[in-house]
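Order of the sequence lines fixes the chain letters, A, B, ..., with proteins taken first and strands second; residue numbering starts at 1 for each chain. These numbers come from the heavy atoms of this one structure, side chains and all, not from hydrogens, waters or symmetry mates.
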There are 2 protein chains.
Amino acid sequence: MDTESIRESLETTGLRFTPQRHCVMAFLMEYPGHPTAAEIFEAVNRLDPRLSRATTYNNLRDLVQAGLVREVAVEGRAARFDAKGVRHHHFICDRCGNVEDVEWYEVPKPALSSLGKRTLRECELIVRGLCTKCAPAKGRDGVSAV
Amino acid sequence: MDTESIRESLETTGLRFTPQRHCVMAFLMEYPGHPTAAEIFEAVNRLDPRLSRATTYNNLRDLVQAGLVREVAVEGRAARFDAKGVRHHHFICDRCGNVEDVEWYEVPKPALSSLGKRTLRECELIVRGLCTKCAPAKGRDGVSAV
DNA sequence: GTCCTAGATTAGACAGAATCTAAATACGGT
DNA sequence: ACCGTATTTAGATTCTGTCTAATCTAGGAC
Ligand SMILES: [Mn+2]
Ligand SMILES: [Mn+2]
Ligand SMILES: [Zn+2]
Ligand SMILES: [Zn+2]
């Protein structure tokens, strides 16, 4: 969407502005969910064939390192990404692996004494359970729909 | 260690007791860290060659599903496992991907209203930063050791 | 505008992790 | 001992992500 703001955020993190980076970043900012690298590649490449698979992975790595994008590891599935907008937690569905946002709220950090010499960067909360699609229907009489 | 308690926990979850499952479970209960599937296979297979690679993966999947073992996804690396003993959180090193335990403390769950129709199973805290090995040495004069 | 170079892109090979297949085996109830 | 089904197995396969080495380009210097 806002090309100039993307350019700025890239420049302030020391990354060059390229059409490929712009596309990946813009896609992540518009896309409502948490796409995988493969999904990002396919969607962006369809719009602008200049983006290659290798560059998708390269850029995602760089954007995560620059702190502009967040990577969510899901057990047994491909990693998922989102542009770091407003702070939020994540919900991961036990069954389908879908990642959804959970409204932000403060979480107590571990006591410094229990961290020892480790450096703390962030404290991430992951909520697990069944998403709306996978949760058993709890209608008035317990009947389930597929 | 305690064969019979392992047998029981398997039976109560509906899993048959097999030498392979026993070995995997026993290994996880004794091992202090968070091994990958490959590490578990190598270590156990060396002691008891009856365990195959496929079965290692099969059993880990079943044990996780049965709630006896926890799987920790680490971005860009193989999943790590631990036997569910005392409750605890996890620390993941940004640099080496090492997973370490963090003493348990209660974390506030998200408001029911923000969960909607989703089912909540657990609330997991993941602390990120640099582990003791990777943290910059902060000696009296800032000199670093390798 | 032209030149330059470190950084970026690319196709395709490669590697690692995990799953699948289909045949053989063995747990555990009777 | 027998049986039915869950489990195991080797190897192929799929899926994710990284690497290589050749090519290109963003953007600063002039
Ligand atoms: Mn998100
Ligand atoms: Mn642990
Ligand atoms: Zn789901
Ligand atoms: Zn480390």
- Item | Side chains of A/Leu15 and A/Arg21 in contact at under 4.5 Å (non-hydrogen atoms) | yes
- Could you state the CD-P distance from A/Glu42 to D/dG17, rounded to the nearest angstrom? 13 Å
- Query: For B/Ser52 and B/Thr55, does a side-chain donor sit closer than 3.5 Å to a side-chain acceptor?
  - Reply: yes
- Query: Hey, does the Lys NZ or Arg CZ of B/Arg53 hover above the aromatic six-ring of B/Phe41, less than 6.0 Å from the centre and inside 45° of the axis?
  - Reply: no
- Which part of the nucleic acid does B/Thr18 contact within heavy-atom distance under 4.0 Å: base, sugar-phosphate only, or nothing? sugar-phosphate
- Message: For a 4.5 angstrom cut-off between non-hydrogen side-chain atoms, does A/Arg121 reach A/Arg118?
- Response: no
- Note on the structure: Rounded to whole Å, CZ of B/Arg77 lies from P of D/dG17 at a distance of 14 Å
- Message: Among C/dT19, D/dG27, C/dT9, which nucleotide has an atom closest to any side-chain atom of A/Glu11?
- Response: D/dG27
- Task: Check every strand shown and say whether B/Pro49 touches a base, only sugar-phosphate, or nothing at a heavy-atom separation below 4.0 Å.
- Result: nothing
- Query: How is A/Ala54 classified with respect to the nucleic acid when contacts are heavy atoms under 4.0 Å: base, sugar-phosphate, or nothing?
  - Reply: base
- Message: Expressed as a whole number of angstroms, how long is the span from B/Asn59:CG to D/dT8:C1'?
- Response: 9 Å
- Item | Residues A/Arg80 and A/Glu71 bridged, charged N to O under 4.0 Å | no
- Task: Nearest-nucleotide wise, let me know which of A/Asp62 and B/Phe81 is further upstream toward the 5' end of DNA chain C.
- Result: A/Asp62
- Task: Give B/Ala38 one of three labels, base, sugar-phosphate or nothing, depending on what nucleic acid heavy atoms sit under 4.0 Å from its own.
- Result: nothing
- B/Glu71 CD - C/dA17 P separation (whole Å): 14 Å
- Item | Length of the CG-P vector between A/Leu10 and D/dA26, whole Å | 13 Å
- Separation of D/dT18 P from A/Gln65 CD (nearest whole Å): 12 Å
- Item | Donor-acceptor pair under 3.5 Å, A/Arg16 side chain vs C/dA6 base | yes
- Query: Which is true for A/Asn58 with a 4.0 Å heavy-atom rule: it touches a base, it touches only sugar-phosphate, or it touches nothing?
  - Reply: base
- Query: Counting only distance, no hydrogens or angles, is the base of C/dT19 paired donor-acceptor with the side chain of B/Arg53 under 3.5 Å?
  - Reply: yes
- Query: Given C/dA17, C/dG28, D/dA26, which nucleotide is nearest the side-chain atoms of B/Arg7?
  - Reply: C/dG28
- Task: Could you check how far CD1 of A/Ile40 sits from C1' of D/dT16, rounded to whole Å?
- Result: 13 Å
- Does OP1 or OP2 of C/dA18 have a side-chain N or O of B/Tyr57 closer than 4.0 Å? yes
- Task: Tell me whether the OP1 or OP2 atom of D/dT18 has a side-chain N or O from A/Arg61 closer than 4.0 Å.
- Result: no
- Message: If I take atom CD in residue A/Gln20 and atom P in nucleotide C/dT9, what distance separates them, rounded to the nearest angstrom?
- Response: 5 Å
